[in-house]
Participant: 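After the structure tokens below, expect a handful of questions from me.
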Amino acid sequence: MAAGGSGDDAFQTFYTEVKQIEKRDSVLTSKQQIDRLLRPGASYFNLNPFEVLQIDPEATDEELKKRFRQLSILVHPDKNQDDVERAQQAFEAVDKAYKMLLESEHKKKALDVIHAGKEYVEHMMSQKKKQLKKDGKPTDVEEDDPEVFRQAVYKQTMKLFAELEIKRKEREAKDMHERKRQREEEIETQERAKREREWQKNFEETRDGRVDSWRNFQAKGKTKKEKKNRTFLKPPKVKMEQRE
């Protein structure tokens, strides 16, 4: 698939190929679908709602609804009594993907990631071809093979979904840390205000006692001072008359 062709035509051709593969995979049994949805790395594979539901991004809402109904029945815990726990996890992944695609904003974001993945691969193909031409070599690259191209786009798309998820988790952790810090500050402010109120209350309650104590202290001090300053008259000494 040449990188220089019409973007829309190339994109449509790419997803026609994907749709054929999805049609093949759509006949998977309940167990196979559960295994697919819970395979190693599923937490990142399942970030792409179209990948989870195995449906063409250009599918109509009616087709989306029909596909959800088919897949949800296959992996529903009631239909997989021998593997209820894993079936429940698979069902939740299908349900989450379906709800995401029902929301226009989330659906647009998913489509943007898919388009970005394809554009990146096409850009890299173009760069490779330019370098080969500059080196005087044939400009054929492995991504010219439709299957290789599809796999390259698939991998790049998954990488973009994963990077976005990592950034989302980092923002979430940062926001959580900030909320925790703010909450700790609020608690500290409340505790400080509480201590100040208790101090003020105790100060008011003991004020009369302190005033009385101070008055008693002053009174005692005054009494001691008066006693200290009090003088007593002493009788004069009688001088003996001297006779000649």
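Treat the numbers as computed from the prediction; the structure is a model and nothing was measured.
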Participant: In Å, rounded to the nearest 0.5 Å, how long is the span from CG of L47 to NZ of K96?
Facilitator: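 So the CG of L47 and the NZ of K96 are separated by 7.0 Å.
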Participant: How many angstroms lie between CG in L71 and CD1 in I55, if you round to the nearest 0.5 Å?
Facilitator: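 It is 10.0 Å, given to the nearest 0.5 Å.
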Participant: Looking only at side chains, do E186 and Q182 share a donor and an acceptor under 3.5 Å apart?
Facilitator: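 Side chains of E186 and Q182: no pair found under 3.5 Å.
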Participant: Is the shortest side-chain heavy-atom distance between K180 and E184 below 4.5 Å?
Facilitator: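 Yes, their side chains come closer than 4.5 Å.
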Participant: Could you tell me if Q131 and D135 have a donor-acceptor pair between their side chains, going purely by distance under 3.5 Å?
Facilitator: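 Yes, Q131 and D135 have a side-chain donor paired with an acceptor closer than 3.5 Å.
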Participant: Between R150 and E147, does at least one N-O distance fall below 4.0 Å, as a salt bridge requires?
Facilitator: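 Yes.
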Participant: Taking 4.0 angstrom as the limit, do E62 and K66 come out as a salt bridge?
Facilitator: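 No salt bridge links E62 with K66.
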Participant: Is any side-chain heavy atom of L37 closer than 4.5 Å to one of F91?
Facilitator: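 A side-chain contact under 4.5 Å is absent here.
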Participant: Looking only at non-hydrogen atoms, find the nearest pair between L101 and P49 and report the distance.
Facilitator: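 Heavy atoms only, the tightest pair is CD2-CG, 3.6 Å.
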Participant: Within the supplied structure, the quantity of interest is the number of heavy atoms (other residues, nucleotides, ligands) at a distance under 6.0 Å from Q81 CD; does it exceed 12?
Facilitator: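 Result for CD/Q81: enclosed.
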Participant: Check this for me, if you would: do R171 and D175 make a salt bridge, where the nitrogen-to-carboxylate-oxygen distance has to be below 4.0 angstrom?
Facilitator: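 Judged by the 4.0 Å cut-off on N to carboxylate O distance, R171 and D175 do not form a salt bridge.
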Participant: Same hydrophobic cluster for Y120 and V148, using side-chain heavy-atom links shorter than 4.5 Å among ILVMFWY?
Facilitator: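 They do not share one cluster, since no chain of ILVMFWY contacts under 4.5 Å joins Y120 to V148.
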Participant: Within this structure, what is the CZ-CD distance for the pair R195 and Q190, rounded to the nearest 0.5 Å?
Facilitator: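 The CD atom of Q190 is 11.5 Å from CZ of R195, to the nearest 0.5 Å.
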Participant: State plainly whether the residues K169 and E172 are in salt-bridge range, i.e. N to O under 4.0 Å.
Facilitator: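 Between E172 and K169 there is no salt bridge, as every charged N stays at least 4.0 Å from the carboxylate O atoms.
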Participant: Using the rule that two of Ile, Leu, Val, Met, Phe, Trp, Tyr join whenever any of their side-chain heavy atoms come within less than 4.5 Å, decide whether L111 and M158 are in one cluster.
Facilitator: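 In one cluster with L111: M158, yes.
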Participant: Can you name the nearest heavy-atom pair linking N80 to V75, along with the distance?
Facilitator: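 Heavy-atom minimum between the residues: ND2-C, 3.5 Å.
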Participant: Taking the side chain as every heavy atom from C-beta outward, state whether K118 and I114 have any atom pair closer than 4.5 Å.
Facilitator: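 Result no, sub-4.5 Å side-chain heavy-atom pair not found.
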Participant: Quick check: does any side chain N or O of T189 sit under 3.5 Å from a backbone N or O of E185, one acting as donor and the other as acceptor?
Facilitator: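 Yes, because the side chain of T189 sits within donor-acceptor range (under 3.5 Å) of the backbone of E185.
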Participant: Take K107 and D61 through the side chain to side chain contact (heavy atoms under 4.5 Å, CB included) test and state the conclusion after the steps.
Facilitator: CA-CA 11 Å; K107 183 176 181 179; D61 289 344; 4.1 Å; yes
Participant: Between D112 and K108, is there a salt bridge with N-O shorter than 4.0 Å?
Facilitator: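 Yes, charged N to carboxylate O under 4.0 Å.
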Participant: Kindly compute the distance separating CE (M100) from CG (L53), expressed to the nearest 0.5 Å.
Facilitator: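 Between M100 CE and L53 CG, I get 10.0 Å after rounding to 0.5 Å.
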Participant: Mind listing the closest non-hydrogen atom pair of A90 and L38 along with its distance?
Facilitator: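 The answer is N-CD2, 4.1 Å.
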Participant: Could you label the plane-to-plane angle of the Y98 and F68 rings as parallel, tilted or perpendicular, counting under 30° as parallel and over 60° as perpendicular?
Facilitator: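 It falls in the parallel class, under 30°.
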Participant: Could you name each residue pair satisfying salt bridge (charged side-chain N to carboxylate O under 4.0 Å, His left out) that touches residues 155-164, not counting sequence neighbours?
Facilitator: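 Matches after skipping sequence neighbours: none remain.
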Participant: I'd like to know whether M124 forms a side chain to side chain contact (heavy atoms under 4.5 Å, CB included) with E143, so could you lay out the CA-CA distance, the side-chain angles of the two residues, the decisive distance to 0.1 Å, and finally the verdict.
Facilitator: CA-CA 10 Å; M124 294 306 297; E143 288 84 3; over 6 Å; no
Participant: Between K31 and D35, does any side-chain N to carboxylate O distance fall below 4.0 Å?
Facilitator: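 Salt bridge: yes.
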Participant: Enter the distance from Y154:OH to N48:CG here, rounded to the nearest 0.5 Å.
Facilitator: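 Spacing of OH (Y154) from CG (N48) equals 8.0 Å.
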Participant: Using a strict cut-off of less than 4.0 Å between a Lys/Arg side-chain nitrogen and an Asp/Glu carboxylate oxygen, indicate whether K174 and E178 qualify as a salt bridge.
Facilitator: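 A salt bridge is absent here (no side-chain N lies under 4.0 Å from a carboxylate O).
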Participant: Are L28 and Q54 side-chain neighbours, meaning at least one heavy-atom pair lies under 4.5 Å?
Facilitator: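 Yes; the side chains approach each other to less than 4.5 Å.
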Participant: For the pair D144 (side chain) and V141 (backbone), establish whether a donor and an acceptor sit closer than 3.5 Å, ignoring hydrogens and angles.
Facilitator: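 Indeed, once roles are kept as given, a pair shorter than 3.5 Å links the two residues.
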Participant: Between V84 and P77, which heavy-atom pair has the shortest distance, and what is it?
Facilitator: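 Closest approach of V84 to P77, heavy atoms only: CG1-CB, 4.1 Å.
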Participant: Decide whether Q33 and R36 meet the rule of one side-chain donor and one side-chain acceptor closer than 3.5 Å.
Facilitator: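 Distance-only check passes for Q33 and R36.
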Participant: Is the shortest heavy-atom distance from the side chain of E51 to the side chain of F161 under 4.5 Å?
Facilitator: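 A side-chain contact under 4.5 Å is absent here.
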Participant: Between E103 and K99, is the salt bridge (Lys or Arg N to Asp or Glu O under 4.0 Å) condition met? List the steps.
Facilitator: CA-CA 7 Å; E103 297 182 15; K99 289 178 178 177; over 6 Å; no
Participant: Can you name the nearest heavy-atom pair linking T29 to Q32, along with the distance?
Facilitator: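 It is N-OE1, 2.9 Å.
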Participant: NE2/H115 to CG/L160 distance, rounded to the nearest 0.5 angstrom?
Facilitator: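 H115 NE2 to L160 CG: 13.0 Å, rounded to 0.5 Å.
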